Amino acid sequence: MSAFMDTTTQNTHAIMDDIVTLRIQLAAISSQLQPLKPAFFDTCAELDRTPLKLDSAVISRTLTVGQWDYPEDPERLTIYQLQISRMLSP
């Protein structure tokens, strides 16, 4: 893959190859991140409001408005709504 992708080129095979290569890299990185997420979120929850300063980043705990990650399949959303309703029912 070229370091600088020239999007004006007419070489569609090279562009497609670059996209496929990047997608493969993205999938590899995502598979490395997934198992770390639960421990990362637990650690973040334990942080107080003081930022954690690392060489590579500054991590701080912020309280945000709830964010929802809706499933792509609308039928799954209905199932989730039913499950929530059951949990909230007395």
Side-chain angles (χ1 to χ4, degrees):
M1 183 178 75
S2 60
F4 174 74
M5 289 184 269
D6 181 5
T7 56
T8 61
T9 184
Q10 297 301 314
N11 189 345
T12 56
H13 291 280
I15 292 171
M16 293 295 183
D17 190 45
D18 285 347
I19 291 292
V20 169
T21 301
L22 289 171
R23 291 265 186 188
I24 291 169
Q25 291 174 6
L26 184 60
I29 290 170
S30 179
S31 68
Q32 292 173 23
L33 284 172
Q34 292 306 317
L36 295 174
K37 281 185 175 182
F40 173 77
F41 292 132
D42 288 346
T43 302
C44 287
E46 291 177 12
L47 286 176
D48 58 14
R49 303 285 271 167
T50 306
L52 175 63
K53 295 179 182 180
L54 306 173
D55 290 339
S56 56
V58 176
I59 301 171
S60 60
R61 180 177 176 192
T62 58
L63 301 176
T64 59
V65 177
Q67 298 176 3
W68 296 86
D69 184 19
Y70 293 105
E72 292 179 21
D73 180 8
E75 189 173 309
R76 287 295 300 160
L77 181 58
T78 304
I79 292 170
Y80 291 150
Q81 288 172 331
L82 289 172
Q83 290 171 339
I84 291 170
S85 296
R86 286 183 193 136
M87 287 189 299
L88 297 176
S89 303

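Keep in mind it's a predicted model, so treat the numbers as computed, not measured.
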Practice task
Under 4.5 Å between side-chain heavy atoms, chaining through other members, with only Ile, Leu, Val, Met, Phe, Trp and Tyr counted: pull out the rest of the cluster around Leu26, sorted by chain and number.
Solution key: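 Answer for Leu26: none, a lone residue.
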
Practice task
Kindly give the cluster partners of Met16, where membership spreads through any ILVMFWY side chain lying under 4.5 Å from a current member.
Solution key: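 Met16 clusters with nothing; isolated.
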
Exercise for the section: Enter the distance from Asp17:CG to Leu22:CG here, rounded to the nearest 0.5 Å. Expected result: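 So the CG of Asp17 and the CG of Leu22 are separated by 9.5 Å.
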
Problem - Pairwise distance CG(Asn11) to CG(Asp18) - rounded to 0.5 angstrom - result: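 Between atom CG of Asn11 and atom CG of Asp18 there are 9.0 Å.
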
Listing, residues 36-44 side-chain donor-acceptor contacts under 3.5 Å, not counting sequence neighbours, or none:
{"residue": "Thr43", "atom": "OG1", "partner": "Ala39", "partner atom": "O", "Å": "2.8"}

Problem - With sequence neighbours excluded, residues passing side chain to side chain contact (heavy atoms under 4.5 Å, CB included) with Leu54 - result: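 Per chain and number, Leu54 pairs via side chain to side chain contact (heavy atoms under 4.5 Å, CB included) with Leu52, Ser56, Ile59.
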
